[in-house]
Every structure is written in C-alpha cells, then in structure tokens.
Amino acid sequence: MSSRNKRLLLLVGLALVALVVVGFVEGAIFKGPEDAFLSEPHVALPAEQIASLGAFRVTNTLLSSWITTVLLIVLFFLATRRMSPVPRGLQNVVELAVEALYNFVISVAGEHYARRFFPLIATLFFFVMVNAWLGLLPIYQSLAIFENGHVKAHLLRPAGTDINMTFALALISFVFIEAWGFRAHGFAFLGEFIRVKVLFRDFPRNLFMGLIDVFVGILELLSHFVRIISFGFRLFGNMTAGEILLLVSAFLVAFVATLPFYGLELLVGFVQALIFAGLTLVFATVAVAGTESEEHH
Amino acid sequence: MPEEGLGFHLPSLIAYGINFLLLVGILYVVGYKRILKMLDERQSRIRESLETADRVRQEAAQQQQELQRQLEAARQEGQQMMAQARESADRFRQEEQERAGEAVAQMLTRARAEIQQERDAAVEEVRRHFADLAIRAAERVVERSIDRDAHRQVIERVLEESGDLKR
C-alpha cells in the first residue's frame, strides 16, 4: 500500500472514530433521552395510512410492497428482455439467483415437483428479501407526509413490518401447500386429518388405539393451521424487531454505531426470506410426498 | 386509524394477497418461464455439444483407424506387387536365359554341322585331288593310260581301308 493510501485510510479511520465519539456524545446514553440528537423512538405496530382509494386505505407498508413489486417486475423484465445463451450483466445476476434457487427447490422437492413449486417459492423469497432490503436504504424511511410542520405519516415502511402482509403471505403459502397436497393425493389427503380407519376396524377392540389415531389426526390438522400463525408472526416479528433495533441503536448512539446493525439486518432479510420460502417448500414437499413415483408412469 | 394492537385489517390483508399473487403471475411470465427455458436450452445445448464432441472424437478415431487400415492395405498391396514384379522379372530372365541358351546351342550345333560339312567337303576334295594325283603319278610311272575308273576304285578301296582321312 502506498503512503498516500495509508494516509487516506488513517484519515477515514479518524473520521469514523470522531463520528462514533460525537454520536456517543449526542446519543441518548450520554445526554439522556430528552436531549438526544434523535427523538425518542415511538413504536407503532399498525401501519400508517397515507392515502385512501375510496373506502380502501392505502398504508405506507402497502405502498412499500407496491414499490417492491414494481422493482422486481422491472428487474426481471430488464434481465430477460434480451436473453442470450451466454448471459451478461443483469441477465447474469438474475439468472444466477434464479438458478441457485431452482437448484435449491430441486434438491428439496425433486425434479418432478420443482417446476410446479418454483414460481411461488422464488417469488416468496425475492419479495420478502427485496422488501426487507429496500427498508435499509438510507432515505427510505425518512420520507414523510407533513401537515402543519409535523410528521403526519411516514411515506414508506418495509411491508414486512405490517402484520397484514406477513399473514397474507402465510395464508397464500398455506393454501398452496394444501392445494398441492390435495392435487397429489386426492381425497386420500384428507385421510391425514380424519384418522378413523383404526377406530372402525373391528370396532370395540381397537378403541384405545383408534382414539389415539383420531387425536393424532386432529393434531395434524391443527399443525397445518398453526403454520399460518408461525409463518405470519415469524416474519413480522423479525422485520419489526430489526426496524426497532436500528431505531433504538441510532437513538442510543447516533451516526455510525448503527452500521453493524445494518449489516445484521441485511443478513436477517436474506435469512428470513430463505426461511419463509424454504419452509413453504418443505411443507409442500411433505404434502405431496409419496406420489412422485405414481405420477411418473 | 388504530394505534394500539397489531393492526390487523382484512382489506389490507386481501390487498397484499392479491398484490403478491399478481407478482407471482407476472414474475412467472416475465422472469421464471424465460429463465428456466433458457437454463433448459443451455443445458441441452451443453449436452448436445458434449455429445457432438464425443461423436466427432469417435469419428476421428474411426477415420484414423480406417486410414491406418487403408495404409496397411496399400503397403501390403505394394509389397505384393513388388514381389510379383520381382517374380515375373525372375521368370522373364530365366526364360530369356533359357532361350538364349537354346539359341546358342542351336547356333553351336549348326556351326558344328557346317564345320563338319566343310571338313567333309575338304576331305572329299583332298581325296579326289589325291586320287587324281595318284593316278597321274601312276600313269607317269607305267607310261600308259590305265583304266581310270578301275584305278580309282582301287585307290578308293585303299583310302577306305586306311580310313584316317575320312573322319
């Protein structure tokens, strides 16, 4: 490294240290919550309304999800507009992501079901991840609608922090899983939940085992519905906690001290997307399990 | 707008759901379908080109083998032809030699016969001269003419008895 670069690095390092010190001095830890550089974070779980279409209220999280949607569509459109066998630029990036994800789907669900599952799984992954990452853009959550000099509502907020969005995805995931299971097994799929076969096979003798089997069926049914709740709250909780973590860390120590948490949130966004898509994929694979060999011939 | 609670709101939930399903559909048409098709195409193209390479390699090996075989055959043919040529040359030479030998022998025989003939003729001539000479000498001696023919017979008989000059 040349001495000039060394000097530059030293300068940047000093500036960072100075920013940390100033941030610490300006932060809530040093000055107390009243005089801190940033005002005390106010956690509001419901999304804020920013506009209304007739009776329908448009929230900042919904707008955010639209932006994510449009961004994804534009990205894929640009990437696949002029496809060439030798991928270049954007096509290469998107293709890489799609191929990696597709191989992941194949590794879990097998070649046969991969094509059927892939669109939902991939969209879940891309949507959740891009949504989370967009929220980390510096200006993203600073945009606001002002009224009389006060913040009336923030314009954008990552859609993952809106419980309606996470539950919408959870419900869609649930419906698709059950539909695929039903399509693969037919009415036999319901036999997973209504387990009366043992109970009625020479009736009074198997009473105990039969009742246990019925109970197992009910548990199975319950577990499928519990997935909606776990899906919905997992994503919501992670995204919301991440936002709060960033806010609070910035409140406690202003400026650069938040950076590590930004890095962490990048990872969380990726991991949560992978978990949501991966679990959906696994549940779907389980739902159609045992049918591949019959459908192949 | 509710500030408390989690903020469940059914119309929003439905809106998110519709939004997401639309996104799935559009991304499928715009993105996944094309990309997966491209991946398939690339895969098949790679497989094809690998197969083609294999086939070409095999063909090349086959061709080389064929070439080798042809070369071998040509060499064998050449050797055969050479052997044939040598054989026919040998045979020709032998025939020529035989023919030449025969001609020489013939010529020799003819020459010998001619020589014999000449010699016979010469001997005959000498004998005739000698007989004439002997008769003339005898005529001189007896001073009278004798029966030439009878005399000649006598001489002939003498000559025949001596036999040396004839052969």
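Reminder, nothing fancy here: chain letters follow the sequence lines and each chain counts from 1. Being a predicted model, the structure only gives us computed values, none of them experimental.
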Looking only at B/I18, B/V24, B/I26, B/V29, the option with the highest number of non-hydrogen pairs under 4.5 Å against chain A is B/V24
Spacing of B/F20 atom CZ and A/L124 atom CG [to the nearest 0.5 Å]: 3.5 Å
Region of A/S65 in contact with chain B, defined by heavy-atom distances below 4.5 Å: both
Once you round to the nearest 0.5 Å, how far does CG of A/L62 lie from OH of B/Y16? 5.0 Å
Counting C-beta onward and ignoring hydrogens, is there a side-chain heavy-atom pair between B/L21 and A/F176 closer than 4.5 Å? yes
Distance from A/F118 atom CZ to B/L36 atom CG, nearest 0.5 Å? 5.5 Å
Does atom OH of B/Y28 have more than 12 heavy-atom neighbours, drawn from other residues, nucleotides or ligands, at distances under 6.0 Å? no
Whatever's closer than 4.5 Å to a heavy atom in chain B on A/I172 counts as side chain
Let me know if A/L171 has heavy atoms under 4.5 Å from chain B in its side chain, its backbone, both or neither. side chain
Could you tell me the separation between the CD1 atom of B/I35 and the OG1 atom of A/T80, rounded to the nearest 0.5 Å? 6.0 Å
Can you tell me how far the CZ atom of A/F127 sits from the CG atom of B/N19, to the nearest 0.5 Å? 5.5 Å
Report which part of A/A122 has an atom under 4.5 Å of a heavy atom belonging to chain B: side chain, backbone, both, or neither. both
Counting distance only, does the side-chain N/O of B/Y32 pair as donor-acceptor with the main-chain N or O of A/L120 below 3.5 Å? no
Does CD in B/Q70 sit with more than 12 non-hydrogen atoms of other residues, nucleotides or ligands closer than 6.0 Å? yes
The interface call for A/R115 against chain B, heavy-atom contacts under 4.5 Å, is side chain
Side chain, backbone, both or neither: which part of A/F77 has a non-hydrogen atom closer than 4.5 Å to chain B? both
If every non-hydrogen atom of A/A168 is compared with every non-hydrogen atom of B/G17, which pair is closest and at what distance? CB-N, 3.7 Å
Quick test of your reading of the model: are A/E95 and B/R34 salt-bridged, counting only N-O distances below 4.0 Å? no
CG (B/L27) and CZ (A/F76) are apart, to the nearest 0.5 Å, by 5.5 Å
Heavy-atom side-chain proximity of A/T68 to B/L23 below 4.5 angstrom: no
